[in-house]
Amino acid sequence: MQIVACIKQVPDTTQVQIDPVTNTLIREGIPFIMNPYDTHALEEALRIKDRFGCSVTAISMGPPNAEATLKKALALGADRVVLLSDRCFGGADTLATSNVLTEAIRALSREDEVGIIICGKQTIDGDTAQVGPGIATRLHYTQLTLVDRVIDLDLGQRRVRVSRKLEGRHEIVESPLPVLLTVVRELNRPRYPTVPMRLAAADATVEVWNNQVLKLDETTIGLKGSPTWVSKIFSPQRDKGEFIGEASSTSDETAQLLIDKLLSKDLLSI
């Protein structure tokens, strides 16, 4: 059985620039990292591999420089990495992205059954948490979101039992395979790659699949296949701060000064 970990390359900064015409991210000159939630998804896939001997395939959709993120996945222990990269995939929203990832997973499953898909609960750049559920819906996989612990996995019975982190409580649920999990940070502590594995991964070749491989209708992918259009992205202007009181003020005096300031601006009522 094969486990697929979906990982995304995201900006390692909040200082991003947006193309004023397409309202998409300008990637040139920006440092990138593996989406932090996806590092936990990959780690869990590798732990299942260590325990049960399944193979792990990491896939990502992105520009050619996303190969660096996939090579990190190889260095951590993934058996295979696939980059879905084509200009016609660019500018995709979550609907179009999940469409491409779904077709890639279908193609992988034709070679070896994909019993488990693991995704981070969301990416730190989009924060929508929609791609994982979108893939599960298209593949008709059971989806278990916000997983913070894999309690039991029985490959013989083809069942998995997990803990889901909900608001103020946890929920224990069991599901048959195949299944898609989206995971939170508390799930595990990601491993570090060894030096030999880093060196091996640096020389490895990343499989690149374009749309000639997937053969998707171009009206369903990229900008053409994205019903979500961003009209404007901007950072809110912040008012300049001001110092109140003296450095020698006690904490009580400072608190009173702050209360007085808020009352004077009608921002606090008593």
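Along the sequence shown, the residues carry numbers beginning at 1.
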Audit row: Asp125, Thr123, side-chain hydrogen bond (donor to acceptor under 3.5 Å, both in side chains) steps and yes/no: CA-CA 5 Å; Asp125 55 352; Thr123 57; 2.8 Å; yes
Using the rule given for side chain to side chain contact (heavy atoms under 4.5 Å, CB included), can you reason through Asn65 versus Gln9, listing the C-alpha separation, both sets of side-chain angles and the distance that settles it, and then say yes or no? CA-CA 9 Å; Asn65 67 9; Gln9 180 176 265; 2.9 Å; yes
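In the hydrophobic cluster analysis, where Ile, Leu, Val, Met, Phe, Trp and Tyr join through side-chain heavy atoms closer than 4.5 angstrom, Leu166 is grouped apart from Val173. Under the 4.5 Å side-chain heavy-atom criterion for Ile, Leu, Val, Met, Phe, Trp and Tyr, Val150 and Val183 are members of the same hydrophobic cluster. Both Phe52 and Val162 belong to a single network of hydrophobic side chains, linked directly or stepwise wherever heavy atoms of I, L, V, M, F, W or Y lie under 4.5 Å apart.
Nearest heavy-atom pair across Ala45 and Ala5 is CB-CB, 4.4 Å. Listed here is the closest heavy atom pair of Gly225 and Ala96: O-CB, 3.8 Å. Looking at every heavy atom in both residues, Pro64 comes nearest to Leu83 through O-CD2, 3.9 Å. Across Pro36 and Thr39, no two heavy atoms sit closer than the pair O-OG1, 2.5 Å. Leu74 and Ala204 get closest at one heavy-atom pair: CD1-CB, 3.6 Å. Taking every heavy atom of both residues into account, Leu70 and Ala58 meet most closely at CD2-O, 3.8 Å.
In this structure, the side chains of Ile116 and Cys54 stay at 4.5 Å or more apart for every pair of heavy atoms. Put simply, the side chain of Leu76 reaches to within 4.5 Å of the side chain of Leu46, judged on heavy atoms. Here the side chains of Lys8 and Thr97 are not in contact, with every heavy-atom distance at 4.5 Å or above. The closest side-chain heavy-atom distance from Val56 to Ile48 is not below 4.5 Å. Thr182 places none of its side-chain heavy atoms less than 4.5 Å from the side chain of Gln143. Counting only heavy atoms from C-beta outward, the side chains of Met1 and Leu177 approach each other to under 4.5 Å. Side-chain atoms of Pro176 and Gln157, non-hydrogen and from C-beta on, never get closer than 4.5 Å to each other.
The list of salt bridge (Lys or Arg N to Asp or Glu O under 4.0 Å) pairs with a residue in residues 195-212, not counting sequence neighbours, reads Arg80-Glu207. Listed by first then second residue, pairs satisfying salt bridge (Lys or Arg N to Asp or Glu O under 4.0 Å) with a partner in residues 136-147 number zero, not counting sequence neighbours. For residues 178-189, every residue pair satisfying the salt bridge (Lys or Arg N to Asp or Glu O under 4.0 Å) rule, not counting sequence neighbours, is listed here: Lys165-Glu186.
Counting Ile, Leu, Val, Met, Phe, Trp and Tyr side chains that sit under 4.5 Å apart, directly or through other members, Val195 shares a hydrophobic cluster with Leu199. Under the 4.5 angstrom side-chain criterion for Ile, Leu, Val, Met, Phe, Trp and Tyr, the cluster partners of Val114 are Val4, Ile59, Met61, Val82, Leu84, Phe89, Val100, Leu101, Ile105, Leu108, Ile117, Val131, Ile135, Leu139, Tyr141, Leu180, Trp209, Val213, Leu214, Leu216, Ile221. In the hydrophobic clustering, where aliphatic and aromatic side chains (Ile, Leu, Val, Met, Phe, Trp, Tyr) are joined below 4.5 Å either directly or transitively, Val10 groups with Ile33, Tyr37, Ile124.
Here the SG atom belonging to Cys119 is positioned 14.5 Å from the NE2 atom belonging to His40, to the nearest 0.5 angstrom. Note that NZ of Lys121 is 12.5 Å distant from CG of Leu187, once rounded to the nearest 0.5 Å. Note that CD of Glu67 is 8.5 Å distant from OG1 of Thr205, once rounded to the nearest 0.5 Å. Considering CZ of Arg161 and CG of Leu144, their distance stands at 12.5 Å, rounded to 0.5 Å. Here Asn35 contributes atom CG and Leu42 contributes atom CG; the two are 12.0 Å apart, rounded to the nearest 0.5 Å. Rounding to the nearest 0.5 Å places CG of Leu223 at 11.0 Å from OG1 of Thr228.
Every residue two or more places apart in sequence or in another chain that forms a side chain to side chain donor-acceptor pair (under 3.5 Å) with Thr94 is listed here: Gln130. For Asp50, the salt bridge (charged side-chain N to carboxylate O under 4.0 Å, His left out) test picks out Arg191, with sequence neighbours left out. Looking at residues two or more places apart in sequence or on another chain, you find no side chain to side chain donor-acceptor pair (under 3.5 Å) involving Thr102. With sequence neighbours left out, Arg106 forms a salt bridge (charged side-chain N to carboxylate O under 4.0 Å, His left out) with Glu103. For Lys49, the salt bridge (charged side-chain N to carboxylate O under 4.0 Å, His left out) criterion is met by Asp79, not counting sequence neighbours.
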Please list, one pair per line, the donor and acceptor atoms closer than 3.5 Å that link side chains of residues 256-263 to other protein atoms, with sequence neighbours excluded.
| residue | atom | partner | partner atom | Å |
| --- | --- | --- | --- | --- |
| Gln256 | NE2 | Asp260 | OD1 | 2.9 |

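Side-chain polar atoms of Asp86 and Gln212 form no donor-acceptor pair below 3.5 angstrom.
The 12-atom threshold is exceeded at CG of Asp127, counting heavy atoms of other residues, nucleotides or ligands nearer than 6.0 Å.
Side-chain N or O atoms of Asn211 include none that pairs as donor or acceptor with a backbone N or O of Glu218 at under 3.5 Å. Between the side chain of Asp252 and the main chain of Ala255, no donor-acceptor pair closer than 3.5 Å is present. When atom types are taken as modelled, the side chain of Gln2 and the backbone of Asp112 share a donor-acceptor pair closer than 3.5 angstrom. Side chain of Ser60 to main chain of Ile7: a donor-acceptor pair is present (N/O by atom type, distance under 3.5 Å, no hydrogens or angles).
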